[in-house]
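I have placed the structure first, in the form of C-alpha cells, so that the comments after it can refer back to it.
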Amino acid sequence: MFDGLSQKLSGILDSLTRRGALSEDDVNTALREVRRALLEADVALEVVRSFTDRVRSRAVGAEVVKSVTPGQMVVKIVHDELVAMLGSEAEVIDLNTAPPVAILMVGLQGSGKTTTTAKIAKRLTDKSKSKVLLASLDTRRPAAMEQLAVLGKQVGVDTLPIVAGQSAVQIAKRAHEAAKLGGYDVIMLDTAGRVTVDEALMTEVAEVKAATNPHEILLVADALTGQDAVNTARAFDDRLGVTGIVLTRMDGDARGGAALSMRAVTGKPVKLVGTGEKIDALEEFHPARVANRILG
Ligand code: GDP
C-alpha cells in the first residue's frame, strides 16, 4: 500500500545519494519532493509541515560521518523521523488489570469494527490464551448482533446471548456479570456505529464507557478514507479518550496517509492493522518496519 510513496521517496533520495555533497540546497530539494510525496499519500498538511521542519533542522549543517554519504545521512534522518512520527515502538493491547478486562470497540459503521472485534478475540484466545466473551451493543441493528454471534462461532469465542429490548448500557452490564460468573479474562464490547460521527453515537458510547470502565478503548478506522479516518479518530479521542487505533483495509489501495498521520494528529498509537477480510488478517503495527517499507 505504500508502494507509490516508497518509490518516490527512494527515487529522490537515491539521486541525492549519488551527488556526494550535502548542502542546504540539497536538503531543501529533497524535502520538497518528500513533502510532495507525503501530501500525495494524503498525509495531513500540519503533519507534513512539522515532519519536514524536523528533518530540515537535523539535516542542514549536520556533520556527515565518514562511513556514509551525505545522501545516506538524509535517508537515515528521514527514516528516524518517520519512525518517531509513527510511534517508535510497536504497542500491544494492554490486558494488565484485574479480569474481566473490558475492551470497548468504537468507530463508524462500515469501518470494519465487528470483523476486527472477532479478529482480536481470536488473537487474544490463540496468543494470550485468554478466555474472551464478545457482546454486541448495537441495539438498533439486530443484523449487527447476529453478525458478531456468527463471527464468534466461527472463531470459537463465546458471545453473550442476545436479549431483545435491552439498552447498550444494560447489555454491557450483563456482559460484565456473565464474564465474572463464567471466569472470562476479557470482555469485548462492540458498540454501535453510525455513518458519521454524531452526538447520539457519542453520548451512547460515553454512557457505556462510564458504566464499564474499559481498560482499552480501541478506535477502528478505515485506512482507505485517508484524512477522514484521522478526523474521525480525533473526534472519538476528544470525546472518549481512546487508548489505541486499529486501521483496517491496509490491504487496499490506501495511499498511506492515515497510517502516517494518526499518531501525529491524535497522539494515540496505531496498535493493529487489518490486512484483509479473513479472520486472521490482522497484524501488529511496527513503526520501524513501516518506515523501512516507505523508504524502500
Ligand atoms: P462495521 O460496520 O464497522 O462493524 O464493519 P464490518 O466489520 O461489518 O466490516 C465491513 C466490511 O469490511 C466487511 O465486508 C469486512 O469483511 C470488511 N473488512 C473489515 N476489515 C477489513 C480489512 O482489514 N481489509 C478488507 N479488505 N476488508 C475488511
Side-chain angles (χ1 to χ4, degrees), residues 93 95 97-125 130-222 232 235-244 246 248 274 277 279:
I93 292 181
L95 300 178
T97 188
V101 184
I103 300 178
L104 202 55
M105 302 296 293
V106 303
L108 295 182
Q109 195 173 312
S111 59
K113 187 162 44 60
T114 302
T115 313
T116 303
T117 302
K119 286 178 177 180
I120 293 176
K122 180 167 193 306
R123 192 185 189 85
L124 294 178
T125 306
S130 301
K131 190 176 172 193
V132 182
L133 179 65
L134 298 173
S136 171
L137 310 186
D138 200 340
T139 53
R140 280 175 207 77
R141 291 195 311 141
M145 291 193 162
E146 282 300 329
Q147 186 195 355
L148 187 68
V150 169
L151 286 169
K153 201 169 274 171
Q154 197 182 319
V155 297
V157 173
D158 294 339
T159 335
L160 188 74
I162 298 171
V163 175
Q166 287 199 317
S167 71
V169 168
Q170 285 171 328
I171 299 170
K173 287 185 173 161
R174 185 159 57 87
H176 188 76
E177 287 309 311
K180 274 204 302 199
L181 284 172
Y184 288 87
D185 304 302
V186 178
I187 319 167
M188 295 193 68
L189 301 169
D190 184 17
T191 62
R194 301 276 198 288
V195 179
T196 55
V197 176
D198 66 30
E199 191 45 38
L201 167 66
M202 286 301 182
T203 304
E204 180 175 294
V205 182
E207 283 169 4
V208 172
K209 178 187 173 186
T212 55
N213 189 24
H215 197 57
E216 288 268 16
I217 302 178
L218 298 178
L219 172 87
V220 180
D222 178 353
T232 301
F236 273 90
D237 189 42
D238 284 351
R239 185 66 185 266
L240 299 165
V242 307
T243 58
V246 184
T248 60
E277 296 202 34
I279 223 69

[X] side, atom [atom1]; [Y] side, atom [atom2] - distance, nearest 0.5 Å:
X	Y	atom1	atom2	result
M105	L219	CE	CG	9.0 Å
I162	M145	CD1	CE	6.0 Å
T248	D222	OG1	CG	4.5 Å
M188	T114	CE	OG1	10.5 Å
L218	I120	CG	CD1	5.5 Å
K153	T159	NZ	OG1	8.0 Å

Apply side-chain contact (heavy atoms from CB on, under 4.5 Å) to L151 and L134, showing your working. CA-CA 10 Å; L151 286 169; L134 298 173; over 6 Å; no
Which residues pass the side-chain contact (heavy atoms from CB on, under 4.5 Å) test with T232, not counting sequence neighbours?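 Per chain and number, T232 pairs via side-chain contact (heavy atoms from CB on, under 4.5 Å) with L108, V197, F236.
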Would you mind reporting whether P100 and L133 have side-chain heavy atoms less than 4.5 Å apart?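 No, every pair of side-chain atoms sits at 4.5 Å or beyond.
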Please report, to 0.1 Å, the donor-acceptor pairs under 3.5 Å made by any side chain of residues 204-211, with sequence neighbours excluded.
residue	atom	partner	partner atom	Å
E204	OE1	R140	NH1	3.3
E204	OE1	R140	NH2	3.3
K209	NZ	L240	O	2.7

So, using side chain to side chain donor-acceptor pair (under 3.5 Å) as the criterion, who are the partners of [X] when residues are at least two apart?
X	answer
R141	D138
R239	E199
T243	E216
K113	D190

For A135 and L148, work out which heavy atoms get closest and say how close.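 Taking every non-hydrogen atom into account, C-CD2, 3.5 Å.
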Show me the side-chain donor-acceptor pairs of residues 169-187 shorter than 3.5 Å, one per line, residues at least two apart or across chains.
residue	atom	partner	partner atom	Å
Q170	OE1	S167	N	2.8
Q170	OE1	S167	OG	3.4
R174	NE	Q166	OE1	2.7
R174	NH1	P161	O	2.9
R174	NH2	P161	O	3.2
R174	NH2	Q166	OE1	3.0
Y184	OH	D158	OD2	2.5
D185	OD2	K131	N	2.6

Evaluate T115 against Q147 for side-chain contact (heavy atoms from CB on, under 4.5 Å), listing each step before the verdict. CA-CA 9 Å; T115 313; Q147 186 195 355; 4.2 Å; yes
Pairwise side chain to side chain donor-acceptor pair (under 3.5 Å) hits with a residue in residues 97-112, at least two apart: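 Listed once each, the pairs would be none.
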Going by salt bridge (Lys or Arg N to Asp or Glu O under 4.0 Å), name the residues that satisfy it together with D198, two or more places apart in sequence or in a different chain.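 D198: salt bridge (Lys or Arg N to Asp or Glu O under 4.0 Å) contacts with R194.
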